[in-house]
Amino acid sequence: MPELLEHVRVRAADLLAGLAERPAAVPPVPAKPLALPPSGIGLDNALADFAERWEPGFSGSAGPRYLGFVTGGATPASVAGDWLTSVLDQNAAPGLDSSAPDLERETITWLRELFGIGEEHTGSFVSGATMSNTVGLALAREWLGEQQGISIADAGVGALADVTVLSGTPHSSIYKALSMLGIGRDRLRTIPTLPDREAVDIDALASALADLPGPAIVVANAGTVNTVDFDDLEAIAALRDRHPFWLHVDAAFGAFAALTPAHAHLVAGLTLADSICVDLHKWLNVPYDSAIQLTNRQDLQVHVFQNSAAYLGLPTTTPDFVHLTPENSRRLRALPAWFTLRAYGREGHRSIVERNIAQAQRLGEAISVSPHWRLLAPVRLNVVCFTLADSPTNAAIDTITQNLAAAGTTFLTPTVYAGTPALRAAFSNWRTTDADVERIAKEINAGDRHLSGNDQP
């Protein structure tokens, strides 16, 4: 085993060494799958087969110029933690046979401190922002039942009166969560936002709440996908003095604004939420898959997710994680996060966040002076949202996206903002350098020239 793992280590080291020059994106080419071999070929041969047939088609999504979606890299410490996670292969959900759950609780405590979230919140690891939002909204659903004197976990969602969910600019995963929870996508009402913003209009939200016959769910956004806009969390929370509602905050990557003094005000009031979503495989730069959910109503959480099998035991005052999330068994996702937080601390991760913010500003400045492009919104944090200076269309944006992917220097994702087809570049990787930003800016202009035939630099 040690010799075989050494072969894998050497291959992994080579891949890491070449990550900076690996194509950011590799346009997929349909591959003809092989039949299951009747007998194995051994690890060394399997490694060679993977290197020849599959690895060349993998993108450089962990590399410095991959700006699609909001995709972090993996710090060296988090990679080490991830390897050890596989080696030790701990099931973190039950708490009968290992200290792994205590390590997860310690990691959750560190993350709460990192984001300025109070001790009244407890949390657990889940696979990503979608599952974190789903858990948070499941608790909101149970809270609505509590307001009516019923348990939705026992009676089912059909026992609820009409459910209303209010939000200004919800992420698509909110709709998905509402569908999975039986609440339904149609129960979400979007509230007007501030002029030229994605942040909810507080007066409009207050008016909508006043018109409701009973309690509601409010989904606040701490960092929207297109422009990284932030709802005024303190103002929203203050509305609970007049109107009953569960406050869920989707802070998938916006929570990391708390790390920098210049932007911490954007998440003031985060600790006032009833449930919170934070994605870690974005800006914490840990490997997929990793996110946390936090809530100040662990009692509701246990009621929703408890597993009553005799061999698992009943929930205690410190319930095992098997009673807190949909998964009965899962890997120790906390270990890569524990390693990177222990290795680099608050200051190390603050440095990553501040560097990425500065890089987004730099690309935004380059785009703002280009005759070929125009910014669609200010660069508030780490995302640059922009479009063609003249006649942006879905077809044109799609062509540019495909050309950029084929060139391999960088990868951006298309979007639509305020009805305008656009591109978005998200900076969230610790490996990205200022030199990478210069290369990205040049490649973006090259993508425009390829579309328009313009040969100007």
Side-chain angles (χ1 to χ4, degrees), residues 67-71 167-171 190-205 220-236 249-270 282-283 350 352-390 392 397 400 410 412-429 432 434 436-438 440-441 444-445 447-448:
L67 307 183
F69 311 104
V70 183
T71 303
S167 188
T169 312
H171 187 266
T190 54
I191 303 301
T193 56
L194 298 171
D196 300 318
R197 296 276 303 277
E198 288 187 302
V200 72
D201 184 316
I202 300 297
D203 291 337
L205 178 59
N221 301 288
T224 57
V225 168
N226 279 335
T227 69
V228 201
D229 211 343
F230 289 77
D231 290 340
D232 186 335
L233 302 180
E234 291 180 318
I236 293 175
V249 177
D250 183 352
F253 67 96
F256 288 86
L259 275 65
T260 163
H263 299 86
H265 67 279
L266 295 171
V267 288
L270 182 60
K282 291 181 167 64
W283 226 345
R350 177 186 59 80
I352 295 171
V353 169
E354 291 184 338
R355 189 162 64 245
N356 287 157
I357 292 171
Q359 290 162 348
Q361 291 285 347
R362 190 170 293 111
L363 180 62
E365 290 165 2
I367 287 171
S368 67
V369 299
S370 169
H372 311 302
W373 305 100
R374 61 184 173 93
L375 289 175
L376 286 177
V379 180
R380 295 187 177 92
L381 204 68
N382 64 323
V383 173
V384 186
C385 186
F386 63 103
T387 192
L388 290 163
D390 299 312
I397 293 298
I400 292 171
T410 188
L412 281 65
T413 38
T415 190
V416 175
Y417 175 63
T420 301
L423 292 164
R424 52 185 297 282
F427 289 82
S428 48
N429 193 312
T432 306
D434 292 348
D436 289 313
V437 179
E438 296 302 318
I440 291 165
I444 288 172
N445 279 328
D448 175 63

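Keep in mind that this is a model prediction, so the values were computed, not measured.
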Going by side-chain contact (heavy atoms from CB on, under 4.5 Å), name the residues that satisfy it together with [X], two or more places apart in sequence or in a different chain.
X: A252; answer: A129, D250, C277, D279
X: T420; answer: R374, L376, T387, P392
X: E354; answer: T260, P261, R350
X: A366; answer: A441

Test side-chain hydrogen bond (donor to acceptor under 3.5 Å, both in side chains) applied to [X] - qualifying residues, sequence neighbours left out:
X: H263; value: none
X: S167; value: N221
X: T415; value: N226

Taking all atoms of both residues into account, what is the closest heavy-atom pair of [X] and [Y], and its distance?
X: P371; Y: A389; answer: O-CB, 3.3 Å
X: T71; Y: S428; answer: O-OG, 3.0 Å
X: D231; Y: A199; answer: OD1-CA, 3.3 Å
X: L233; Y: A220; answer: CD2-CB, 3.7 Å
X: R355; Y: T432; answer: NE-O, 4.1 Å
X: T190; Y: G168; answer: CB-O, 4.2 Å

I'd like to check [X] versus [Y] (side-chain heavy atoms, cut-off strictly below 4.5 Å). Are they in contact?
X: L266; Y: V228; result: no
X: F427; Y: L67; result: yes
X: V384; Y: L375; result: yes
X: N356; Y: F256; result: no
X: I444; Y: L363; result: yes

Run the ring-ring contact (aromatic ring centres under 6.0 Å, His included) test against F230 and tell me which residues pass, sequence neighbours left out.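 Testing F230 for ring-ring contact (aromatic ring centres under 6.0 Å, His included), a comparison that skips the adjacent residues, returns none.
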Is there a donor-acceptor contact under 3.5 Å from the side chain of S368 to the main chain of E365?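 Pair found, side chain donor or acceptor close to backbone of E365.
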Give every residue pair that meets the salt bridge (Lys or Arg N to Asp or Glu O under 4.0 Å) criterion with at least one member in residues 194-205, sequence neighbours excluded.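 Of all non-adjacent pairs touching residues 194-205, those that pass salt bridge (Lys or Arg N to Asp or Glu O under 4.0 Å) are R197-D229.
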Rounded at 0.5 Å granularity, tell me how far CD1 in I400 sits from CG in L412.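 With rounding to 0.5 Å, CD1 (I400) is 10.5 Å from CG (L412).
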Partners passing salt bridge (Lys or Arg N to Asp or Glu O under 4.0 Å) against R424 (at least two apart in sequence or in another chain):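 Residues passing salt bridge (Lys or Arg N to Asp or Glu O under 4.0 Å) with R424: none at all.
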Apply side-chain contact (heavy atoms from CB on, under 4.5 Å) to residues T169 and V200 and explain how you reach the verdict. CA-CA 7 Å; T169 312; V200 72; over 6 Å; no
Are N382 and W283 close enough that a side-chain donor and a side-chain acceptor fall under 3.5 Å?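 N382 vs W283: no donor-acceptor pair found between side chains.
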